[in-house]
Amino acid sequence: MIFNIPFIAVAALILIGLYAVIFKRNLIKMVIGITLIESGVNLFLITLGYREGSIAPIYTSSPGGIMALPVPQALTLTSIVIGVAVLALMLSLVIHIYRHYGTLDVRKIGGPEE
Amino acid sequence: MILEAIHIILPILIVAAAAFAVLTKDLIAAAIAVAAMSLLLSLEFYILQAPDVAIAEAGVGACLTTAILVIAIKATKRMEEEA
Amino acid sequence: MLEILIYILLGIGIFFNVLAGVGLLRFPDVYTRLHAGTKCTTFGSIFICGSVIILGLKMWYQGSTDGSVLAIHTVGALVAILLTNPTGAHAIARAAHKSGVEPVGAVVDSLRKKSTKKTVKKKTEVKE
Amino acid sequence: MMDFEYLVVLLALLFCVIMAMIRVIRGPTAPDRIVGLDTINTIVIVGMVVFGAAFNEVIYIDVAIVYALLSFISTLFIAKYLEGGDF
Amino acid sequence: MFTLEPLLETFQTGSGFWSPIIWIVAIIVAFLVAVILRGFGKKEYKEKTGQTQAFLSGNPEYEKEQMHIKGSNLYWGFTESLEWVFDALKKMHTGNVSDYALWFVIVVAILFIVLITGENLMGAI
Amino acid sequence: MNVADLIDLLLQHSPALIVAVPLLGAFITPLISRLNDKVRNVFVILTLGLTASLVFLLASDVFTGNIHTYIFGSQDLALPVVRILFEVDAMSAFMAIISVILSLVAVIYSWSFMKENTGLDKYYTLILLMTAGMLGMELTGDLFNFFVFLEITSISSAALVAFWTNKAKSVEAGFKYIVISTIGALFILFSIALFYGQYNALNMAMIASAMQYTFLDKIALVLLIAALAMKAGVVPMHMWLPDAYSKAPSSVTLILVGATQASLYGVFRVCFTIYGGAINLSSISIGWILVILGIITMLLGVAMAIIQTDFKRLIAFSAVAEIGYMLLGIGTGLVVMLNPEMTATGLAAMKGGIFHIMNDALDVGLLFLVAGAIYYATKETSLNKLGGLARNMKYTTVFFIIGLLAVSGMPPMNGFASKLLIYESTYQLNPILSIIAILSSIMLLAVFVKVFHSAFLGPALPKFENVKEVPKSMLIAMGTIATIIIIFGLFPEIIVNSIVEPAANALINYGDYVREVIPSFTGGV
Amino acid sequence: MSGMSKIVKTISSITFPLITIYGLYVIAHGHLTPGGGFQGGAIVASGCAMMLVSYGSIWIVSRVKEKNLSILESLGAVCFILLALLGLGFGAVFFNNFLVGTNSLFGVVPAAGSGLADINTGGVIPLMNFAVGLKVIAGLFGIVLVMAHASRTKGEKK
Amino acid sequence: MIAFIVTTIICFITYLLLTTGSGTMGLWSMEEFLFGFILSLIVGFVTGRIFVKEDFRMLNPVRWLTFIAYAIGPFFIGLAKANIDVAYRVITGKINPGIVKISPDLKTDLGITMLANSITLTPGTLSVDIDEDKNDLYIHWINVNEEALKGGSVDCKYICGNFDKWVRRIAE
Amino acid sequence: MSRRDIAAVLSFSIVAMFFIFGALMIHPFGAPDETGMDDNIITNAQTETGANNAVTSVVFDYRGFDTLGEATILFTAVAAVIMIFRRLNK
């Protein structure tokens, strides 16, 4: 009916993230790209677990119905935490790189060895 | 019907925010766009019947991610260099 | 009867929220946009939350405990909005002024001369 | 079971989000963008409340409270950055 | 029960074999040869006398630093003659993170074509 | 309760305890390091020792042919599998042994190697976490759990690579490593989600039994192979590896070798177990992809190694070349897996490849430890400045010779045994492969002769006159590995028969692995 | 003189206890309403981050030491893994929910399919929620604090 | 100590409001009371000194009642007027902005905060900055009244009506 | 346009093509094909774990080990960040 638009959005998010990682020169931009890939994967997991006309997988006193799948939600929780942890580590490394090189341009740091 | 319209509009907004986050040269603007994307992503999670994940994304994506990003930009510099 | 009230409140809320969006697009500078973006959304959300509260109270009256919870939690959300929104607006305005955004078409700006003096003072503080 | 009118409200709110999003993308300066973000924040909170009413689920309002309390913090961080000075 | 027998088995690998005994014997023999060769050395060798100085056709001895052949000088001829290969290889290693990610994307693209398109083609044939 | 019962109980719970003990140790380390440095070091070594003994206990049972499953949170296995379960077959146990040995040696080595640094409590915490991550990756039977442990491993190892934060290059290497491994891990998660969307399962055995090899499965296969191969350092996605290996402290590099091999284990697990049934369906063999990747890896790694002038970077490139041998061996096994005439060849190739995993870990690890020892003694890693060290560092020189002979596949050492298996079996498949493999092995020898000459031989340089032999703990660490190398080299038959062959069989007979969880499964040989 | 204006400071100190109690509510009701250890912990940590931004990191560092945060986090993690190990001791396997069905504290099983349940259910789940919550509060706040403090002492090293 | 008790009680009330409808004791169950009390003790212990600064003026219940009266009465009317005003300006686009300074002469932090937030939410005004020492507010005014500018400093009544008196009654 | 850019654009567009094909070929939105495992959890969660929230019962009971891993990751990240910003001289 709606041509799997959420799934296409997932693909678009992942591709935008990859684009940032490959084509952008700023280190923080690359990190942002990685968070975008992360968000895309999270959205994918949640979208997989959605059932049309379902309710959240929590028993409440309101009238029940079919429930959305709980496992992808649990996986996404784990994935979100992992995202924060990785983001913090990457950004602290970026801060250190900036202190050493004075720039964030990916072509100016590093370079070939010897 | 209306729910489907929402399911079409929200992903488009999310992708727009993401694209803006990547394309802009100003890193603070990128951080703002990531926060906005995270916010809308959380609304999308919420509408996809995952309130647990929406809370987690709210606490983490909208607040802590932005905080860490802004701190990192503060410690480095704001604008992307021109090629 | 109550439902009509709910609809009216919802209508007012939506009207102000849409107004906020339009104002955000139409106004010329940050400060005026803040007027639209903060005030109208806050006001609109009061009405929308109010309609939800009335719905909850109605449910409670009809004998569902859920209704009371719905009403009370919505009040909680409303209080949180009312506490944080103006503060956020103030923080943004202050940040905008400190980062050097001038109000467009200002008739008077009594902060400007003051603020230049202030920044000078600040610099000396940093040096110490 | 959901109420039709609340979903219409949600759609209208999404329309506001689109306008605020345009401001986030177009805004010439960073403060403009934060204004847009702040507006999106408030609208999303209201949207969550409305959605909770639409689905008749009390627990959903909790998410809105979280947002109302926390969205303000990211605004503060960016404002603090623009103000200048150390954290 | 520990027995020596599994230790002494030969290691069959289809067409070749491997025996620890042969190699132990070979090592011992090599060690003996080395000891014997060492024994041929002159008894009156003394350190830090004229005996230990190198004789370079009457030329003065170089500094010790210069006598030592450095790491990058070894196989100079080899690397020089294959310079085009090594140049290309060095060019590949840019030390740039974006390029690392790009190689990943390239490999994914190639594998997509090989595995998916190729397979469908093979199926069609 | 007598001792036999206790051991039985331990054996039953060992899959969980193997991961839980280092984790608990890691959580306690920050508390205990407030007391005393020495207490902390002893505590870490004891924790790893306990883990190692548990691994050996479990492995001794697994190698006799039992597959251990451990279900978390419940005792009975209900279908469909909703809980996480650990499934330990011979291959997992084999990898676990390698990882735990490497970690133990690295901790012993760093007692004196890292003495001068600050932040050591975090260092030991991260080493314990990394060990737990590797062990979890190798033992788990659940794909999402695999991803979680992969992330633990990569985050902790990236932090450890950047341990010397005052060096720009080492921070940069850490950043590269975390970026690359995060991208890889995210694509792995994406393919896990693809599996979940189709089969509604996360358990490897369940996915394997339901596998239909659809379009989405192919996408997942490509992403899994590419991402895991990138984490294992396969050319052309190897470039982070020399950076990370050469800029990390040597003790960390030793564990990093184990981490890359855990990713390689992931490749094999995906190809053999999850897609085990799909080999029949596919018309292009996945095995050939692995073989070609292996050949490229071998050649490029060794070619780059020749022109390096930095000691550790050179060893890192030779480690890349070594990874090629493993891929070649196992890929050959996968190619001929369905051909009933070549079963013996396939088995030999698999044996060679798997044996080479262990040999590579030991050889390259020993060389890195030697490089670390030289750095410790001289504060120098450039081959253009080193020279004449054999006079002052006798034991280190001996260890280096052992490592040199082993890594380049010279006869009395273990490298030769595994490489011989690979040469012979690939010759049956295609002679050219075997010739390339031999050629690159010869070039490896040349590379290390160069290192030996320029670092150890030559006149005694005046600036290295005061160089002393390294402290005892480093010598013990190097000596342990050297002894294992010599024993493996002299008696490979025992190792191959008792450890390697069960592991190879475990990979080939993937049906047993699946049947342990789903008894009604009919596929597999 | 770091931190933001007086208005922000006042509002922060008013909202901080509210955020904290709300986070603890989310943690405690993890098994009944959306939320749980991680989400509640993130909420409280965000509240702490709010204090950090409005009062400045110097003010925070003079009250909270990162070493103490690290120890707190270790304690949370140890509690969590010990709860899991208790499953091995009382029940039979690692991560066994050994409290459920015992009718003791937390051991009550709610009627199937209904939403009428108390905080008194869920077996070890609420306890694990608290352990994880403690860990997440200390961990996330520790990350933000360390990074913020490091960003201000720019150029101190070298 | 008083700070600790006050914070605990407020947190406990908040907790009870959040858990309405959980049981039979009134609206709550026994466990919720117990849990809420323990959690409030913890929060009170940790955040007491932050929540309540030196003065305990706000403990007087009369002030709370005044506050509620203020919030429902003049404040809400002001809010409504503000929004109709902004709506008018959004539609017509007529603005005449400027930044002015007012001296409301409030001493406590709470008072100035309340006033500033009220101003932000009411007719055409937005507090931009605050003088930390003298508690002067700088206000962005969307439609500057020319009359008000004639004197040196702008009088409060143009900006905030009688809010400052209410605030003084509540917070000082 | 350098050679790198050409290679990048080419491979990127191939990957993009396959991703979007994949998005179109996956099951229709909101109607998962197979739900055996999750239905099992939804039916049994309340009696087996005593928690009303099925997600929490998955997070802390059925897949509790993942949560341990997640907690470990956070611990690792904190340790790593503190280690990276440590003081270098004793």
Side-chain angles (χ1 to χ4, degrees), chain A residues 1-3 5-6 8-10 12-13 16-17 19-20 23-29 31-33 35-36 39-40 42-43 45-47 49-58 67-68 70 72-74 76-77 80-81 83-84 87-88 90-92 94-95 97-99 103-105 107-108, chain B residues 1 3-25 27 30-31 33-34 37-38 40-42 44-57 59-61 64-65 67-83:
Chain A
M1 177 65 202
I2 56 170
F3 304 115
I5 291 245
I8 291 175
V10 167
L13 274 178
I16 289 171
Y19 170 84
F23 290 98
K24 284 287 166 181
R25 272 129 191 189
N26 189 297
L27 289 182
I28 292 185
K29 229 16 151 358
V31 174
I32 287 177
T35 59
L36 292 185
S39 316
N42 289 345
L43 182 57
L45 276 166
I46 292 292
T47 318
Y50 178 64
R51 275 197 277 202
E52 197 113 45
S54 60
I55 61 167
I58 300 168
M67 284 181 174
Q73 303 189 7
T76 315
L77 280 178
I80 287 175
V81 185
V84 173
L87 183 80
M90 281 195 289
L91 286 178
S92 33
V94 166
I95 292 174
I97 287 178
Y98 184 78
R99 283 188 190 163
T103 177
L104 286 180
D105 195 326
R107 289 164 308 169
K108 285 180 193 153
Chain B
M1 180 57 209
L3 216 57
E4 280 166 5
I6 292 167
H7 279 310
I8 292 173
I9 295 172
L10 258 181
I12 291 173
L13 277 174
I14 291 170
V15 172
F20 175 69
V22 167
L23 291 177
T24 177
K25 289 258 183 255
L27 287 176
V34 169
M37 187 205 72
S38 186
L40 294 174
L41 199 65
S42 170
E44 172 79 10
F45 287 159
Y46 183 90
I47 294 177
L48 290 174
Q49 306 291 348
D52 283 85
V53 186
I55 292 184
E57 182 76 25
V60 168
L64 287 170
T65 305
I68 297 174
L69 267 175
V70 170
I71 289 171
I73 295 169
K74 176 85 198 170
T76 56
K77 65 178 173 186
R78 177 171 166 182
M79 300 307 271
E80 223 173 292
E81 297 106 333
E82 293 297 318

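Computation of the quantities below employed the complete heavy-atom set of this structure, encompassing side-chain atoms and omitting hydrogens, waters and symmetry-equivalent molecules. Below, chain A is the first sequence line, B the second, and so on; all start at residue 1. Computed from a prediction, not measured in an experiment: that's the story for all the values here.
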Proximity breakdown for B:V15 and chain A, heavy-atom pairs closer than 4.5 Å
both
Non-hydrogen side-chain atoms of B:K77 and A:Y98 separated by less than 4.5 Å
yes
Just so I know, are the side chains of A:T76 and B:E57 near enough to count as touching, which here means a heavy-atom distance under 4.5 Å?
no
Minimum heavy-atom distance B:A72-A:I95, with the two atoms named
CA-CD1, 4.0 Å
Is there a donor-acceptor pair closer than 3.5 Å between any side-chain N or O of A:Q73 and the backbone N or O of B:Q49?
yes
With chain A as the partner, which of B:A30, B:A56, B:A18 has the greatest number of non-hydrogen pairs under 4.5 Å?
B:A18
Could you state the interatomic distance from CE (B:M37) to CG (A:L43), rounded to the nearest 0.5 Å?
9.5 Å
Measure A:I58 against the heavy atoms of chain B and call it side chain, backbone, both or neither at under 4.5 Å.
side chain
If you measure from CD on B:E44 to CD1 on A:I46, what distance do you get to the nearest 0.5 Å?
10.0 Å
Distance check, rounded to the nearest 0.5 Å: A:I16 atom CD1 versus B:F20 atom CZ?
13.0 Å
I need the B:L10 CG to A:I5 CD1 distance, nearest 0.5 Å.
12.0 Å
Compare every heavy atom of A:P6 with every heavy atom of B:P11, then report the nearest pair and how far apart it is.
CG-CA, 4.4 Å
Residue from A:V81, A:I28, A:L87, A:V94 scoring the most non-hydrogen pairs under 4.5 Å with chain B is A:I28
Could you look at A:I32 and say if it's the side chain, the backbone, both or neither that has a heavy atom under 4.5 Å from chain B?
side chain
Contacting region of A:A20 [heavy-atom separation from chain B under 4.5 Å]
both
Nearest 0.5 Å, please: how far is CG in A:L36 from CD1 in B:I14?
11.5 Å
For the candidates A:A88, A:S54, A:A74, which exhibits the highest count of non-hydrogen atom pairs separated by less than 4.5 Å from chain B?
A:S54
Contact origin within B:I47 toward chain A - heavy atom pairs under 4.5 Å
backbone
Given a strict heavy-atom distance threshold of 4.5 Å, which part of B:L69 is in contact with chain A: side chain, backbone, both, or neither?
both
Select one option (side chain, backbone, both, neither) describing which atoms of A:S92 are under 4.5 Å from chain B's heavy atoms.
neither
Side chain to side chain, B:T76 and A:R99, heavy atoms closer than 4.5 Å
no
What I'd like to find out is whether the side chain of B:V22 reaches to under 4.5 Å of the side chain of A:K29, using heavy atoms alone.
no
Spacing of CG belonging to A:N42 relative to OG belonging to B:S42, to within rounding of 0.5 Å:
11.5 Å
Quick check on the interface: out of B:L64, B:I55, B:L41, who has the most heavy-atom pairs with chain A under 4.5 Å?
B:L41
Per-residue contact mode, A:Y19 against chain B (heavy atom under 4.5 angstrom)
side chain
